[in-house]
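Okay, so here's the structure we're looking at.
Residue numbers start from 1 in every chain, and the chains themselves are labelled A, B, ... in the order their sequence lines are given, proteins ahead of strands. Since we're looking at a predicted model, the values are computed, not measured.
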Amino acid sequence: MYKAPRGTSDILPEEQGYWRYIEDKAVALCRLYGYQRLDTPAFEDVRLFARSIGEGTDIVAKEMYTFKDRSGNTLALRPEGTAPVCRVYVEYGLDNLPQPVKLYYLATIFRYERPQAGRYRQHYQFGFEAIGDADPALDAEVIDMAWQFFLSLGLNQLYLQINSIGCKICRPPYLESLKHYYSAHVADICPDCKARIVRSPLRLLDCKKPSCHDVAEAAPKGTDYLCQGCQTHFEAVQRYLRILELPFEINHRLVRGLDYYTRTVFEIQPPGEGAQSALGGGGRYDNLIEELGGKPTSAIGFAAGMERIVLNLKGQEIPVPSLPRPEIFIAYLGAEAKLEAVKLASALRQDGIAVTMAVGDRSLKAQLRQANSLGSNYVAIIGEEEVKRQAVTLRHMISGEQQVVSPLTLRKLLKKVTRG
RNA sequence: GUGAGCGUAGCCCAGAGGUCUAAGGCGCCAGGUUGUGGCCCUGGAGAUCGAGGGUUCAAAUCCCUCCGCUCACCCCA
């Protein structure tokens, strides 16, 4: 028997309420903040990702779904959402629009990873990017927007963490100092961290092993090494966040896994200890557009994992609106009545009313049972009696009241009742 | 890539060598009402017990291999 590939999942009708809920909130949020939707292909030239995310990152080194197509081009299923947006910005000359350009996406992301709770090989991300300005007020607006998104979903007790990882001027000296510090403490750290000293020093700070905790706590702080520009920027961001009354905290150990980040990085965490728990994260990437062939352009963005949001909505028992149900179910008894039922269903749909018609010539009892489980408020019953009288029996499923009316009257009644 | 746990009907699961022709609940179908749902009652369908091999007089149950799922590490949303 065929099964969904490892790390992928099917979103069955009964789950769709969560997804519609999240998407609706995302779209409403983007309207409020002035972001426009952008859809890009599921795959891109592999180099777009390799260059932007960083050759040394896990995502590029071992997690991309890379393939050659029949003409020999090497493509990759998108492993993140920011690079394609930047590609579009450069390719279509969006630098000619008033800046910053604000775009959002709801898209599938693909990474070849070992699946576990909240981590999949295909997942959905909602993300938004503001490209074309370095104003710290824009950082604050993006962080605010991310925070308001989760608030609008009804999620509680979230943590907002921010940090600054500097720029290409002040980060190298900091990394040197970090390496120097850790080299002096190799005896106290885990084997993974020893490897990180060379491979990805920033990640040293992120190690969750208790044994490394003290060493990381005492490590040089990136914010102490910021150049004048980055320092001023970071302070300004915090000032705006305070004005917005966002409950942020500075986490000196917050770093992010993609190479393109500069200055502000931030993450939103749910309550509890979950393993790979970040609901969303983002940051500034002031060099990326230029690296992709555009003019030097500052930008900042955010992305959230939709599956993790669903997980948290369920965990916090947040109710989501139920999906639409048929307004009326049409039951029939006998071949002649069936013809009338088909006609009535068509007429009601012309009126814009959601109709489910019974099929399969089953007992009235079975048909009503089905109407009940579909959750329709009304059932129209057409049997021999009704055919003879050119009428239908309209049953209200909540009160149980019934009346015999003409098809025309039925249409008028339903139009009135289902409006609004 | 590493480690741990788990695979019994569509779903949740009992079962721990013979009493298993595998129990129960949900769901599904039908009847209780010659044309009336939700509650209740009755009945029914639905399981190569993940696959293959082995031990044994006897395997859902013990052993091995494989496959799959889950959780954790790594890393990320």
Extract all donor-acceptor atom pairs below 3.5 Å that involve side chains of residues 373-385 of chain A and protein atoms in other chains or at least two apart in sequence.
residue: A:Ser373; atom: OG; partner: A:Gln370; partner atom: O; Å: 3.2
residue: A:Ser376; atom: OG; partner: A:Ala371; partner atom: O; Å: 3.4

Please tabulate, one pair per line, all N/O donor-acceptor pairs under 3.5 Å involving side-chain atoms of residues 280-292 of chain A, not counting sequence neighbours.
residue: A:Arg284; atom: NE; partner: A:Asp139; partner atom: OD1; Å: 3.0
residue: A:Arg284; atom: NE; partner: A:Asp139; partner atom: OD2; Å: 3.0
residue: A:Arg284; atom: NH1; partner: A:Asp133; partner atom: O; Å: 3.2
residue: A:Arg284; atom: NH1; partner: A:Asp286; partner atom: OD1; Å: 2.9
residue: A:Arg284; atom: NH2; partner: A:Asp133; partner atom: O; Å: 3.4
residue: A:Arg284; atom: NH2; partner: A:Asp139; partner atom: OD1; Å: 2.5
residue: A:Tyr285; atom: OH; partner: A:Glu129; partner atom: OE1; Å: 2.5
residue: A:Asp286; atom: OD1; partner: A:Ser298; partner atom: OG; Å: 3.4
residue: A:Asp286; atom: OD1; partner: A:Ala299; partner atom: N; Å: 3.3

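When side chains are defined from C-beta on, A:Arg253 does not count as touching A:Arg203, because their heavy atoms never get closer than 4.5 Å.
Regarding contacts with the backbone of B:A77, a side-chain N or O of A:Arg256 is found under 4.0 angstrom from either OP1 or OP2. Contact annotation: A:Arg6 does not reach the phosphate of B:C67 (side-chain N/O to OP1 or OP2, under 4.0 Å). The side chain of A:Gln116 places an N or O atom within less than 4.0 Å of a non-bridging phosphate oxygen (OP1 or OP2) of B:A72. OP1 and OP2 of B:G3 both lie 4.0 Å or more from every side-chain N or O belonging to A:Arg114.
When both distances must be under 3.5 Å, the Watson-Crick or G-U wobble mate of B:A22 does not exist. Pair check for B:U48 finds none; no Watson-Crick or G-U wobble contact set falls under 3.5 Å. As the counterpart of B:G5, B:C69 is assigned, both hydrogen-bonding distances of the Watson-Crick or G-U wobble pattern falling under 3.5 Å. Within the shown strands, nothing qualifies as a pairing partner of B:A59 under the Watson-Crick or G-U definition with both distances less than 3.5 Å. Pair assignment for B:C29 gives B:G43, based on Watson-Crick or G-U wobble hydrogen-bonding distances that are each under 3.5 Å. B:C75 makes up no base pair with any nucleotide shown, lacking Watson-Crick or G-U wobble contacts both under 3.5 Å. Nucleotide B:A16 is matched to nothing when pairs are restricted to Watson-Crick or G-U wobble geometry with both distances under 3.5 angstrom.
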Listed pairs, N/O of protein and of nucleotides 31-35 of chain B, under 3.5 Å:
residue: B:G32; atom: N7; partner: A:Lys365; partner atom: NZ; Å: 3.1
residue: B:G35; atom: O6; partner: A:Glu385; partner atom: N; Å: 3.0
residue: B:G35; atom: O6; partner: A:Glu386; partner atom: OE1; Å: 3.4
residue: B:G35; atom: N1; partner: A:Glu386; partner atom: OE1; Å: 2.8
residue: B:G35; atom: N1; partner: A:Glu386; partner atom: OE2; Å: 3.1
residue: B:G35; atom: N2; partner: A:Glu386; partner atom: OE2; Å: 2.8

Look for any protein N or O under 3.5 Å of an N or O in nucleotides 43-45 of chain B and output each such pair with its distance, or none.
none

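Following rounding to the nearest Å, A:Glu15 (CD) and B:G10 (C1') show an atom-to-atom distance of 16 Å. For the pair A:Met1 CE and B:A9 P, the interatomic distance rounds to 10 Å; values are reported in whole Å. As rounded to whole Å, 13 Å separates atom C1' of B:G38 from atom CZ of A:Arg325. Atom-to-atom, CD1 of A:Ile398 to P of B:G38 comes out at 16 Å; the value is rounded to the nearest Å. In this structure, A:Leu153 places its CG atom 18 Å from P of B:A77, rounding to the nearest Å. Atoms CG (A:Leu394) and C1' (B:G37) sit 15 Å apart, rounded to a whole Å. Spacing between atom CD of A:Gln402 and atom C1' of B:G37 amounts to 11 Å, rounded to whole angstrom units.
Side-chain atoms of A:Asn372 come within donor-acceptor range of the base of B:G37, with a qualifying N/O pair under 3.5 Å. For A:Gln367 against B:U36, a side-chain-to-base donor-acceptor contact under 3.5 Å is absent. Side-chain N/O atoms of A:Arg395 and base N/O atoms of B:G37 include a donor-acceptor pair closer than 3.5 Å.
Using a 4.0 Å heavy-atom cutoff across all strands shown, A:Arg121 reaches no nucleic acid atom at all. At the heavy-atom level, A:Ile309 lies nowhere under 4.0 Å from the strands shown. Residue contacts shown for A:Tyr120 include a base, since a base heavy atom lies under 4.0 Å away. Within 4.0 Å of A:Gly400, counting heavy atoms only, lies at least one base atom of the nucleic acid. Among the protein residues, A:Glu113 comes within range of the nucleic acid bases, having at least one heavy atom under 4.0 Å from a base atom.
A cation-pi contact, defined as under 6.0 Å to the ring centre and within 45° of the axis, links A:Arg121 to A:Tyr112. Figure legend: cation-pi geometry between A:Lys25 and A:Phe149 absent, as NZ or CZ is not positioned both under 6.0 Å from the six-membered ring centre and within 45° of its axis.
Using the six-membered ring where Trp is involved, A:Tyr225 and A:Tyr174 have ring planes that are tilted, between 30° and 60° apart.
Straight-line distance between the P atoms of B:U55 and B:C12: roughly 35 Å, to the nearest whole Å. Nucleotides B:C13 and B:C71, compared at atom P, are 14 Å apart to the nearest Å. The gap from the C1' atom of B:C57 to that of B:G50 amounts to 28 Å, rounded to the nearest Å. Nucleotides B:U33 and B:C69 place their P atoms 50 Å apart, quoted to the nearest Å. A distance of about 15 Å separates the P atoms of B:A45 and B:G10, rounded to the whole Å. When the P atom is compared between B:A23 and B:G43, the two are found 14 Å apart, to the nearest whole Å. Spacing between B:A59 and B:U21 at atom P, rounded to whole Å, works out to 11 Å. With C1' as the reference atom, B:A22 and B:A47 are 9 Å apart, rounded to whole Å.
Checked against B:C29, B:C75, B:A77, the side chain of A:Glu63 finds its nearest nucleotide in B:C75. The side chain of A:Leu368 lies closest to B:G37 when the candidates are B:G68, B:G37, B:A77. Distances from the side chain of A:Lys3 to the nucleotides B:G68, B:C75, B:C29 place B:G68 closest. For A:Ala117, counting side-chain heavy atoms from C-beta on, the closest listed nucleotide (B:C75, B:C71, B:A77) is B:C71.
Evaluation of the side chain to side chain contact (heavy atoms under 4.5 Å, CB included) rule for A:Tyr33 yields A:Leu29, A:Tyr35, A:Glu141, A:Asp144, A:Met145, A:Gln148 as partners, not counting sequence neighbours. With sequence neighbours left out, the side chain to side chain donor-acceptor pair (under 3.5 Å) criterion links A:Gln125 to A:His123.
In summary, the side chains of A:His252 and A:Thr223 do present a donor paired with an acceptor at a separation below 3.5 Å, with no hydrogens or angles considered.
With ring centers used as reference points, A:Phe302 lies under 6.0 Å from A:Phe266.
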